[in-house]
Amino acid sequence: MATVLKNISEIRRFFHRNEDPIYFISATNFNLLGLDEWVKNFKYICYIDCYGGKHPNVFCPSEQPHAEFQSIEDINNYLLQHKEVIDFIKRRGGKPKFVFLMFDEETERLSKELGADVWFPKAKLRTKMDNKIETVRIGNKAGVPSVPNVLAEVKNYEDLRKTCEKAKLGHDLVLQSAFGDSGHTTFFIKNEADFRRHEHEIVGEGEIKIMKRIDCRGSAIEGCATKEGTIVGPLMTELVGFDELTPYRGGWCGNEILSTAFPPKVREKARELTFKFGEQLRKEGYRGYFELDFLIDKKTGDLWLGELNPRITGASSMTNHAAFAHADAPLFLFHLLEFSRKKFDLDTDELNNRWADPDMIDSWSQMVIKHTDDSVDICTDAPETGIYKMLEDGRVVFDRFDYHRRAVESENEAFFLRILQPGDYRYEGADIGILVTRGRSMTKGFQLNERAKKWIHGIKQSVEGKALPVADAGPAVADPAFKIL
């Protein structure tokens, strides 16, 4: 008779003794940073070597000729067909398990060829759930309200006005297409001139989510839908659209995690709604890790469902490094447990109540630093991954190599994960790297604080570039239409 895991200690031991190789395959290992220390035989297979070969559990194959990547799925499919990756997986033996940030049906086919199980719901189901229109419908079923909206095709500006008048939404609007990154597929429309700017991205795109514009703060929260119920992480702030970090208005550029970021009522409501949404996801056939964005009305404190990401996200490294994760287990461990088919019997209510305790949350922030100038050159030098110090005069200097976030001892230190490599094109929107600090990066008014600005400036100052050769200096390098994080 198979043993049943009955408490956190037994779950931790189960993964400590895990024999089957588990691989996180993605552009970088950022999203599941540190998970290799919780799970025996857990390795990262990455396209970008953020660590210069110094991370013991990161495998990066040599560069091979490939078609230009259009998505993270393309990167993963390239990796799964790379001879060095195939040899690495076969050499380590066992029955491999794969987890991804993004994957499609081609990824599933390639995984099957390698004899591996994909430990996520099917790509087809994930795509359905990832549709922003579908998210509204799932939320409605779960009793999780979206900002007043209407779902409709848009033929032209006049058609949009009529639709909004009928739905009593007014004319100060936010439009979102069904799929895509918020920085690229969210459109702020007040008048016909705004509409004309984005017309080609709205008309002919099928059903669009048309929302009344509200004055709100962004927040993020992650959960995991298991057969024992939905487990909910902490509510995080979102850094959105800061000019110092991103060229994209409305583009995500980081998170903070701290127990007092929002009033207790808001935190409690967010957890309650996330639990309800997770329970509805289970009914829809989805299980495992997910993230919800909530929009918090500045005037009323009302919570509105923003979007669903049926996967791990850029915020996952914050959730999985919070104090509760070290006290109990990272949230993603429950995702792996769900797909391991190992029987477990957990009191999810008791776990959720414990994780709601403010003492289970310590204060950290992460900032995703992009190249924000409208310029293109070739990177000749970029700050390497490791621990940096801020000196008394505000200068930022490299202190030592490390791949642990916990090595940051004070607010005058930070962990930097390098994305941009020497030899890469540096263009508007290119990811330079992720900076993780203790404490807040925003003020109480949710603007970047002075310390954060100094850190950003210090890192950017360390990036150097040279002009493109004349032969390459014609058309500018296109900004990829996807985020690698």
Side-chain angles (χ1 to χ4, degrees), residues 28-35 101 181-183 186 216-224 232-246 248-262 266-267 270-271 274 289-296 303 305-309 311-326 330-332 355 358 360-370 405-406 408 411 414-417 419 431-449 451-453 455-456 459 483-485:
T28 76
N29 76 328
F30 164 66
N31 307 82
L32 292 180
L33 205 61
L35 207 80
L101 173 61
D181 158 31
S182 63
T186 299
C216 61
R217 302 206 189 291
S219 66
I221 191 166
E222 297 188 312
C224 185
V232 181
L235 186 65
M236 293 173 271
T237 69
E238 283 196 322
L239 279 66
V240 176
F242 289 122
D243 293 343
E244 295 89 342
L245 293 169
T246 178
Y248 307 119
R249 181 184 179 190
W252 169 82
C253 50
N255 298 87
E256 297 175 313
I257 186 167
L258 66 156
S259 61
T260 56
F262 301 105
V266 170
R267 294 199 304 270
R271 294 183 65 85
T274 305
Y289 210 92
F290 67 94
E291 183 262 353
L292 295 178
D293 288 348
F294 282 110
L295 305 173
I296 302 168
L303 260 73
L305 176 61
E307 65 182 55
L308 159 72
N309 286 302
R311 54 182 175 87
I312 52 175
T313 69
S316 298
S317 67
M318 297 290 276
T319 298
N320 289 293
H321 278 91
F324 71 79
H326 292 284
L331 183 62
F332 194 74
W355 285 12
M360 282 293 196
I361 300 166
D362 47 353
S363 181
W364 288 85
S365 73
Q366 66 177 20
M367 294 177 280
V368 180
I369 304 174
K370 292 181 185 289
R405 189 189 89 160
R406 65 171 180 263
V408 176
E411 293 194 10
F415 170 70
F416 180 73
L417 181 74
I419 304 293
D431 288 302
I432 295 170
I434 299 110
L435 190 76
V436 182
T437 67
R438 288 185 181 271
R440 292 204 70 171
S441 54
M442 291 194 287
T443 64
K444 285 183 180 176
F446 289 78
Q447 296 302 310
L448 280 182
N449 62 32
R451 187 175 67 97
K453 287 178 183 177
W455 275 116
I456 297 163
I459 292 294
K483 288 191 303 192
I484 61 164
L485 307 173

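Just so you know, these numbers use all the heavy atoms, side chains as well, and skip hydrogens, waters and symmetry mates.
Just one residue in the list Asp243, Ile434, Leu239 forms a side-chain contact (heavy atoms from CB on, under 4.5 Å) with Cys253, and that residue is Leu239. The side-chain contact (heavy atoms from CB on, under 4.5 Å) test with Ile419 is passed by exactly one of Val368, Ile432, Asp431: Asp431. Partner Trp364 forms a side-chain contact (heavy atoms from CB on, under 4.5 Å) with one of Thr437, Asn255, Val408 and no other, that one being Val408.
Note that Arg440 lies in the cation-pi zone of Phe446, set by a 6.0 Å cut-off to the ring centre and a 45° limit from the axis.
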Pair Leu33, Val436 - check side-chain contact (heavy atoms from CB on, under 4.5 Å), show working. CA-CA 12 Å; Leu33 205 61; Val436 182; 5.8 Å; no
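Checked against side chain to side chain donor-acceptor pair (under 3.5 Å), Arg405 has no partners two or more places apart in sequence or in another chain. Scanning for side chain to side chain donor-acceptor pair (under 3.5 Å) contacts around Thr319 gives Glu222, with sequence neighbours left out. With sequence neighbours left out, Val240 forms a side-chain contact (heavy atoms from CB on, under 4.5 Å) with Glu238. Residues passing the side-chain contact (heavy atoms from CB on, under 4.5 Å) test with Ile361, sequence neighbours excluded: Pro234, Ile257, Ser259. For Phe30, there are no ring pair (Phe, Tyr, Trp, His ring centres under 6.0 Å) partners, not counting sequence neighbours. Remark: Thr443 engages Gln447, Asn449 in a side-chain contact (heavy atoms from CB on, under 4.5 Å) (not counting sequence neighbours).
One N or O on the side chain of Gln366 and one on the backbone of Gly314 form a donor-acceptor pair closer than 3.5 Å. Panel note: side chain Arg217, backbone Thr237; no donor-acceptor pair is recorded below 3.5 Å.
The line from CD of Glu307 to CG of Leu295 is 9.0 Å long, rounded to the nearest 0.5 Å.
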